[in-house]
Amino acid sequence: MVVLISGTGSNMSALVEAARDPAYGAEVVAVGSDRRGTRGIERAEAAGVSAFVVPFRDYADRFEWNRAMAEAISAHEPDLVVSAGFMRILGPAVLQRHTAVNIHPALLPSFPGAHAVRDALAHGVRITGTTIHFLDEGVDSGPIIDQVAVPVEDGDDESSLHERIKTVERRMLVDTVGRLAREGWTVDGRHVRFGRTEHSVTDASDTKENR
Ligand code: GAR
């Protein structure tokens with residue numbers, strides 16, 4: 001897999017650690033980012049993982065940037081792209097070539113977008129959580145693979161709540177990506193199941209193939 005990040009990269013590091021065990025069933029072939037000089041890229045390099053940066057600001061528009069990102073990802077020939085704290089929208093240039101999953105720090109379809117934790121707190125929900133889903137060309141709208149609930153505590157601010165979500169999120173991400181790699185998956189409309197079947201990818205835009 002290629003893991004895409006924009007910041008700290010704690011989820012990416014959890015995947016890199018898990019993938020050190022050959023029994024995990026997947027390997028991180030590269031880590032990519034849209035920003036130079038992030039902690040996540042430093043962490044990837046320190047872990048001995050190949051890293052690349054395609055800075056958003058270096059391109060005329062998001063189409064050009066998406067095309068460059070697609071090239072950079074494809075150079076590593078991944079079977080799966082994992083967006084783990086990646087704060088840009090991946091367009092058709094990437095998604096027509098690669099199957100991608102994304103983690104989001106809320107229980108989708110509630111609170112999509114770049115400020116999910118802040119938005120959940122502002123709304124006053126008592127339970128929020130994290131979602132892993134296949135990427136489609138919408139914003140946080142693809143078929144859901146797994147979700148875990150996280151309670152909001154009295155006195156939480158964005159940072160305390162996000163840290164609690166991230167602890168749960170790392171475990172969910174590692175478990176889910178490992179199962180996808182080992183068991184394969186089936187997408188039937190909006191419904192995702194682990195395991196392979198002959199006929200079951202009914203929406204080719206959701207995943208490229210039934211692995
Ligand atoms: C994670 O909580 C992830 O869900 C979120 O960014 C954080 C990255 O943390 N992603 C989004 O908000 C995407 N819309 P990390 O860099 O420490 O893994």
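Whatever order the structure lists ligands and atoms in, that order sets their numbers, starting from 1. Residue indices begin at 1 and follow the sequence shown. Note that the structure is predicted; figures quoted are calculated from it, not measured.
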### Query
Out of curiosity, Gln147 CD to Thr176 OG1, how far, rounded to the nearest 0.5 Å?
11.0 Å
### Rounded distance [0.5 Å steps], CG in Asp140 versus CG in Leu135
8.0 Å
### Message
Which residue in the set Arg170, Glu169, Arg164 passes side-chain contact (heavy atoms from CB on, under 4.5 Å) when paired with Thr167?
### Response
Arg170
### Task
Specify whether Trp185 and Phe134 have parallel, tilted or perpendicular ring planes, treating 30° as the upper limit for parallel and 60° as the lower limit for perpendicular.
tilted
Among protein heavy atoms, which lies nearest [atom], and at what distance?
atom	result
atom 9 (O) of ligand 1	Lys166 NZ, 3.2 Å
atom 1 (C) of ligand 1	Glu169 OE1, 3.1 Å
atom 15 (P) of ligand 1	Ser10 N, 3.4 Å
atom 16 (O) of ligand 1	Gly9 N, 2.7 Å
atom 7 (C) of ligand 1	His162 NE2, 3.8 Å
atom 6 (O) of ligand 1	Gly85 CA, 3.6 Å
atom 13 (C) of ligand 1	Met87 SD, 3.6 Å
atom 5 (C) of ligand 1	Pro105 CD, 3.8 Å

### Query
Measuring from the heavy atoms of Ser13, does anything fall under 4.0 Å of ligand 1?
no
#### Entry: Any Ile103 heavy atom less than 4.0 Å from ligand 1
yes
### Message
Using side-chain heavy atoms (C-beta onward) and a distance below 4.5 Å, is Arg20 in contact with Val28?
### Response
no
### Message
Under a 4.0 angstrom heavy-atom cut-off, which atoms of ligand 1 come close to Gly113?
### Response
14 (N)
### Task
Find all atoms of ligand 1 within a distance of less than 4.0 Å from any non-hydrogen atom belonging to Thr8, and give their numbers and elements.
16 (O), 17 (O)
### Message
Check Arg190 with Asp136, please: is the shortest side-chain N to carboxylate O separation under 4.0 Å?
### Response
no
### Query
Is the shortest distance from a Lys or Arg side-chain nitrogen in Arg193 or Glu183 to a carboxylate oxygen in the other one below 4.0 Å?
no
### Query
Distance only, no hydrogens: is a donor on one side chain within 3.5 Å (strictly under) of an acceptor on the other, for Ser6 and Arg88?
no
### Query
For atom CZ of Arg57, is the number of surrounding heavy atoms from other residues, nucleotides or ligands below 6.0 Å larger than 12?
no
### Task
Flag Asn11 as yes when one of its N or O atoms lies below 3.5 Å from any N or O atom of ligand 1, and as no otherwise.
yes
